[in-house]
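To start, the structure under review is shown below, and the notes come after it.
Counting convention: from 1, in listed order, for ligands and their atoms alike.
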Amino acid sequence: MIIAETIQEVRDQVRAWKREGLSVGLVPTMGYLHEGHASLVEESVRQCDRTVSSVFVNPTQFGPNEDLETYPRDFEHDCALLETKGCDLVFHPSVEEMYPDGFATYVEIQSEMPKQLCGKTRPIHFRGVCTVVSKLFHIVEPDKAFFGQKDAQQLAIIRRMVTDLSMGITIVGCPIIRESDGLAKSSRNTYLNEAERKAALVLSQAVFLGQRLVAEGERDADRVVAAMSAHIAKEPLARIDYVSAVDGMTMLPVHEIENDVLIAMAVYIGKTRLIDNFSVKL
Ligand code: AMP
């Protein structure tokens with residue numbers, strides 16, 4: 001596996017592959033990789049001839065009071081995992097490489113979409129995500145890029161951006177990978193102490209409860225959200241940021257359960273903010 005720290009190295013390698021007629025998949029990550037990330041790499045390896053993964057903690061998607069400084073990092077472990085999954089190149093740039101002196105150009109979706117759900121408490125988050133993902137798309141020029149349904153709003157926003165800017169890259173959404181007890185895998189789970197780790201189960205329990213209500217025929221989205229919220233509220237270590245039912249494409253609130261409605265949540269467990277969701281499939 002090639003480890004590249006500069007944009008030029010990545011361009012040279014990917015262009016060499018393209019000259020050989022090989023297809024290229026991209027898996028963007030912030031590192032501290034787990035089986036959720038690994039599943040995206042596996043899917044890229046299945047669908048593409050070569051797989052590039054980026055490991056970059058992107059400063060522009062963190063707000064001033066968020067966890068940029070403390071975000072967990074373990075590049076050696078990341079490389080070991082990527083290599084076993086069949087990744088061909090890992091791009092691990094410095095902040096200076098990605099954001100040169102005088103950097104002033106951002107990619108931002110001008111609709112309500114990035115202001116809903118996580119956007120309410122993280123107003124600059126999706127501008128940072130769109131900017132860094134656009135840069136990675138320009139650097140790698142992949143045929144396909146792989147993102148987790150775990151970050152459902154991010155996935156919808158990236159699909160919008162790729163369509164709007166005619167980027168010509170196929171976006172592949174991949175299912176949420178969970179711990180055996182249900183907790184969605186996340187690099188931020190490492191922040192949880194023992195009591196918080198147990199309490200964090202209310203997120204996946206609420207997801208499973210919501211899925212069960214929908215499967216039993218409930219079509220009132222507000223009732224589903226209320227039942228899920230009530231379950232989370234029983235846990236003293238949990239504080240709800242939001243539990244919402246939205247249109248899966250626009251992220252705008254809905255009141256009726258229909259196909260592709262997204263029911264998403266962000267919940268603080270102690271100081272750690274965790275997310276989870278499910279998409280309605282009728
Ligand atoms: P991150 O490193 O948190 O920025 O995540 C990088 C990519 O991995 C994103 O597309 C995430 O949606 C995806 N991802 C993170 N956790 C999971 C998970 N538990 N299951 C599936 N995909 C995930």
Side-chain angles (χ1 to χ4, degrees), residues 25-47 51-63 66-68 70-75 77-79 81-82 85 87 90-93 98 117-118 122 125-137 140 142 144-162 169-192 197 200-201 203-204 207-208 248 251 262 264-267 272-279:
L26 171 66
V27 180
T29 83
M30 297 209 299
Y32 212 72
L33 304 181
H34 49 67
E35 285 158 53
H37 301 107
S39 73
L40 307 186
V41 174
E42 283 169 355
E43 193 55 35
S44 174
V45 168
R46 260 195 293 277
Q47 294 195 24
T51 291
V52 175
S53 183
S54 56
V55 172
F56 179 62
V57 181
N58 174 37
T60 63
Q61 71 189 66
F62 287 78
E66 294 181 1
D67 58 346
L68 172 62
T70 54
Y71 195 83
R73 298 162 207 240
D74 187 346
F75 186 58
H77 171 268
D78 292 345
C79 285
L81 185 134
L82 288 170
K85 296 296 166 190
C87 176
V90 53
F91 179 41
H92 183 52
M98 290 297 273
L117 307 178
C118 290
R122 309 188 76 190
H125 177 67
F126 291 110
R127 183 183 78 154
V129 169
C130 286
T131 302
V132 80
V133 171
S134 298
K135 285 178 64 77
L136 291 168
F137 285 178
V140 178
K144 297 186 179 185
F146 297 78
F147 293 88
Q149 181 67 32
K150 157 109 189 313
D151 299 270
Q153 188 176 14
Q154 166 174 288
L155 177 56
I157 284 173
I158 285 169
R159 287 192 196 283
R160 180 80 263 156
M161 175 184 83
V162 165
I169 295 167
T170 302
I171 302 301
V172 182
C174 300
I176 301 176
I177 304 297
R178 299 178 178 281
E179 302 286 355
S180 54
D181 61 3
L183 179 66
K185 291 201 183 247
S186 165
S187 308
R188 290 191 169 99
N189 291 349
T190 186
Y191 296 146
L192 303 171
R197 174 64 184 76
L201 283 182
L203 282 95
S204 52
V207 163
F208 303 148
M251 302 290 116
L262 171 71
M265 67 181 80
V267 177
T272 304
R273 186 174 175 282
L274 300 176
I275 57 173
D276 204 341
N277 71 79
F278 70 100
S279 257

Only one of Leu136, Val55, Leu26 passes side-chain contact (heavy atoms from CB on, under 4.5 Å) with Phe91; say which it is.
Leu136

List the atom pairs, donor and acceptor, that lie under 3.5 Å between side-chain atoms in residues 147-158 and the rest of the protein, sequence neighbours left out.
| residue | atom | partner | partner atom | Å |
| --- | --- | --- | --- | --- |
| Gln153 | OE1 | Cys118 | N | 3.1 |
| Gln153 | NE2 | Met113 | O | 2.9 |
| Gln153 | NE2 | Gln116 | O | 2.8 |

Restricting to salt bridge (charged side-chain N to carboxylate O under 4.0 Å, His left out), what partner residues turn up for Arg188, sequence neighbours left out?
Asp67

Donor-acceptor check, side chain of Asp181 to backbone of Leu201, threshold 3.5 angstrom: yes or no?
no

Close-range residues for ligand 1, whose non-hydrogen atoms fall below the 4.0 Å threshold
Pro28, Thr29, Met30, His34, Gly36, His37, Leu40, Tyr71, Phe147, Gly148, Lys150, Asp151, Gln154, Pro175, Ile176, Ile177, Lys185

Partner of Ser186 by side-chain contact (heavy atoms from CB on, under 4.5 Å), out of Asn189, Leu183, Thr190
Asn189

Quick one: side chain to side chain donor-acceptor pair (under 3.5 Å) partners of Gln47, sequence neighbours excluded?
Glu43, Lys144

